[in-house]
Amino acid sequence: MSEEKFYFQTEAAELLNMMISSVYSNKDIFLRELISNASDALDKRRIECLKDSELADNTKPEIKIEADKDNHTLSISDNGIGMNRDELIKYLGTIAKSGTKEFLKAAKENKTQSELIGQFGVGFYSVFMAADKVEVITRRLGTSETFKFESDGRGSYTISESEQRPECGTTVKLFLKQDNANQDNDSESKNYADEWTIRGIISKYSDFISWPIVFNDKVINSQKAIWQRPESEITEDEYNEFYKHLTHDWREPLTHIKINAEGSTNFKGLLFIPTEAPFDLFMNPESGGISLYINRVFIMNDCKELIPGYMRFIRGVIDSEDLPLNISREILQDEPIIRVIRRSTQRKIFNELKKLLESDREKFIKFWVSFGKIMKEGIIQDREHSKNIFDIALFRTTYNDEWTTLSEYESRMKPDQEGIYCLAGRDNISALKASPKLEPYINKGYEVLLMTDPVDEVILTDANYILPAEAKKLLNIALDSVSPYSEDEKKANDEKIKSLESEFEALKKIALETFADKLEDVKPALNIESPAVLREGAQGLSLQMENLLRAAGQTPPAQKRILELNASHPVIKKLIALSDSGNKEKVSDMLKILYDQSLILEGAAPEDPVKFVKLIDELMTSSLGD
Ligand code: ADP
């Protein structure tokens, strides 16, 4: 096969450009990335050989580093799984990560690229921070052909067949940049062919790699599994580097959780909570995951049976002594030991999160902002632990601009308060704070929790079945059945409403005719300043819930709501007068505008935007005069 030329996929080329111009300040990490890839390749080879014994031979798995100071080259070799021609194109010519487009877009819009790049692992491409040119020679396990990939990272690469490697695996050879010292003028410029530079980087970033890293005929890493070492011995840096190896995330983790379970089932674990949701977390629920090890031997990553779905953002390792080495994904689910591990891991995570909430509120808020939405899914999915989630859940509130827990809310509750007042709405907190539904509560000095995640609606509907009987009820103030008033006040209000009813009669009639299929009732509103507010009937679906159902492809049942009109508002006063004088058409048009305005305040769109705009235009024309 002669040499073939290829062009990098557009996104890959863009990332490469960033690498070449070296926006990332710590160039050393290219070596960590290459060693990480070599280690993954050795893991994959082991697993493949376990499945197919014919592939197994007795070569000694290792990662080998060779440096040539005179010729300015550095090679990292492994005898792992290797790549065939198609895999070379697929893995090194494109970026398969979901979220790449989003990342690049953000990087372009944002001038601080170096910060952003740290949020997105560029893996192999980081070689171009240190090298002008790179050569990858690789032979896939179970094949006899060896291929060479060559590139200077500037748009294109070539692939050709190469002299056969004696065993499968990959060698990445870097032709090191030589003008670093002159060009960059920063203290980071190093000679990556220098023995002590290499040793320094490896001991800092890759010491825990479980395969031997051989340099000048000596193994230079301790290979100690970090989760097996006593906690007191491990530095924060070591945790961070291990996390980066494991996740290919370039940021530091927010926190780690060490598990050392002894008893009927023994296992160790090291879990991490990332700082922020990765770009693809919400798009790709597969991207999280816990790796399963048995007796220090890597078995599989993303072992879903070890952790519930609503903790899928947690990354890490669980290492068990009690499972058979040949365990397969298929039988994991029915494995009682796995269930025990899952339960105790879950318990540990809840405990640690509770501790974090108490000890470092700021850090916990960061965690909640990134992952609270996902954790809250568990309130519905995992009834056994919903209380645990409620205990750490943070909410926005009308009390102040901070976050609050339910128990903090409870400590501020008024003695006569029946439950926790809640209002769910669209994601925009300031819009929710302006909802006319809050007015009577705020006027009476009550605090209302403001819920802006889609899952909150479902929680509000179900919470009172889920929560233990003694827990304070969550009361959805969008419901007509929930009110801030005492029995006496309700009576007084009812009387007031009754006295207003005759005044309202004509207007109510027109409203009910205008919205025959949308309204079940029209009532005078009390104690609010806005002209109108829409409420759900006792069993009704809220607008948000309707939107959620629609988004999920369902057709929600037709809802009838209650329209409350504020008789002391000048607009309503005029409408009452107009209705009494029989100007039905005009009243009806104005009611349509009011109705749509209420929808807008709820975060919904007017049902007929064209009609809405037309009515407003007419209104403007008439108010501007001739
Ligand atoms: P990531 O490691 O985050 O997937 P990389 O850019 O580092 O991203 O690598 C892309 C892919 O190339 C890897 O997922 C792997 O499939 C393949 N690859 C990289 N290095 C090696 C290697 N030494 N041996 C085998 N495959 C490799």
Side-chain angles (χ1 to χ4, degrees), residues 6 8-9 11-16 18-19 24 29-49 55 59 61-66 74-100 103 117-131 134-143 145-149 151 153 157 159 165 167-174 205-206 209 211 213 243-251 274 278-280 284 286-289 291 298 301-302 315:
F6 299 86
F8 286 106
Q9 163 213 33
E11 284 96 33
E14 286 182 33
L15 273 181
L16 279 165
M18 289 189 192
M19 281 297 110
Y24 199 69
I29 49 87
F30 81 88
L31 193 51
R32 173 188 77 199
E33 297 296 305
L34 294 180
I35 290 177
S36 211
N37 282 346
S39 166
D40 289 349
L42 287 164
D43 285 338
K44 285 182 197 154
R45 176 178 183 182
R46 224 200 82 247
I47 304 273
E48 207 154 298
C49 290
L55 290 172
T59 49
E62 61 180 20
I63 299 166
K64 204 166 177 171
I65 315 274
E66 281 167 311
L74 174 68
S75 301
I76 293 90
S77 303
D78 64 71
N79 46 4
I81 193 156
M83 286 173 273
N84 60 29
R85 181 181 167 279
D86 291 347
E87 286 168 337
L88 266 178
I89 297 170
K90 187 166 136 205
Y91 295 145
L92 301 189
T94 62
I95 300 172
K97 287 196 181 77
S98 55
T100 309
F103 165 74
I117 210 126
Q119 300 177 21
F120 192 83
V122 288
F124 173 78
Y125 293 163
S126 59
V127 292
F128 291 107
M129 297 193 298
V134 62
E135 213 178 77
V136 179
I137 306 222
T138 181
R139 177 178 157 196
R140 176 73 166 79
L141 175 69
T143 69
E145 292 158 301
T146 302
F147 293 97
K148 182 157 92 178
F149 164 107
S151 179
Y157 59 94
I159 292 183
R165 267 177 70 100
E167 50 179 354
C168 68
T170 304
T171 299
V172 180
K173 184 169 181 184
L174 281 74
Y205 295 114
S206 310
I209 294 284
W211 305 103
I213 302 174
Y243 165 80
K244 289 176 187 173
H245 160 71
L246 194 72
T247 59
H248 299 215
D249 187 348
W250 285 26
R251 286 164 292 186
F279 275 92
D280 53 2
N284 173 18
E286 309 286 310
S287 73
S291 301
F298 172 77
N301 49 29
D302 196 18
R315 317 294 303 263

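When a ligand or atom number is given, it counts from 1 through the structure's own listing order. Remember, predicted model here, so these are calculated numbers, not experimental data.
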S.K.: Looking only at N/O atoms, are Asp40 and ligand 1 under 3.5 Å apart anywhere?
M.R.: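 No, no N or O pair falls under 3.5 Å.
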S.K.: Might you point out which heavy atoms bring Ser126 and Gly123 nearest each other, and give the distance in Å?
M.R.: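 So the minimum-distance heavy-atom pair works out to OG-O, 2.7 Å.
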S.K.: Asp78 to ligand 1: N or O pair under 3.5 Å?
M.R.: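 Right, the criterion is met.
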S.K.: Using a strict 4.0 Å cut-off to heavy atoms of Lys44, name the atoms of ligand 1 that fall inside it.
M.R.: 16 (O)
S.K.: Quick one: CD1 on Ile81 to CZ on Arg139, what's the gap to the nearest 0.5 Å?
M.R.: 13.0 Å
S.K.: Say whether, by atom type as modelled, one donor and one acceptor occur between the side chain of Thr94 and the main chain of Gln9 under 3.5 angstrom.
M.R.: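 Between the backbone of Gln9 and the side chain of Thr94 there is no qualifying donor-acceptor contact (under 3.5 Å).
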S.K.: Counting each atom of ligand 1 from 1 as listed, which ones have a heavy atom of Phe124 under 4.0 Å away?
M.R.: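 Reading through ligand 1 atom by atom, the close ones are 5 (P), 6 (O), 7 (O).
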S.K.: Do the ring planes of Tyr125 and Phe8 sit parallel (below 30°), tilted (30 to 60°) or perpendicular (above 60°)?
M.R.: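 Perpendicular.
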S.K.: Can a donor-acceptor pair be found between the side chains of Ser77 and Arg165 at a distance below 3.5 Å?
M.R.: no
S.K.: Can Glu33 be said to touch ligand 1, with heavy atoms closer than 4.0 Å?
M.R.: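 It does not; every heavy atom stays at 4.0 Å or beyond.
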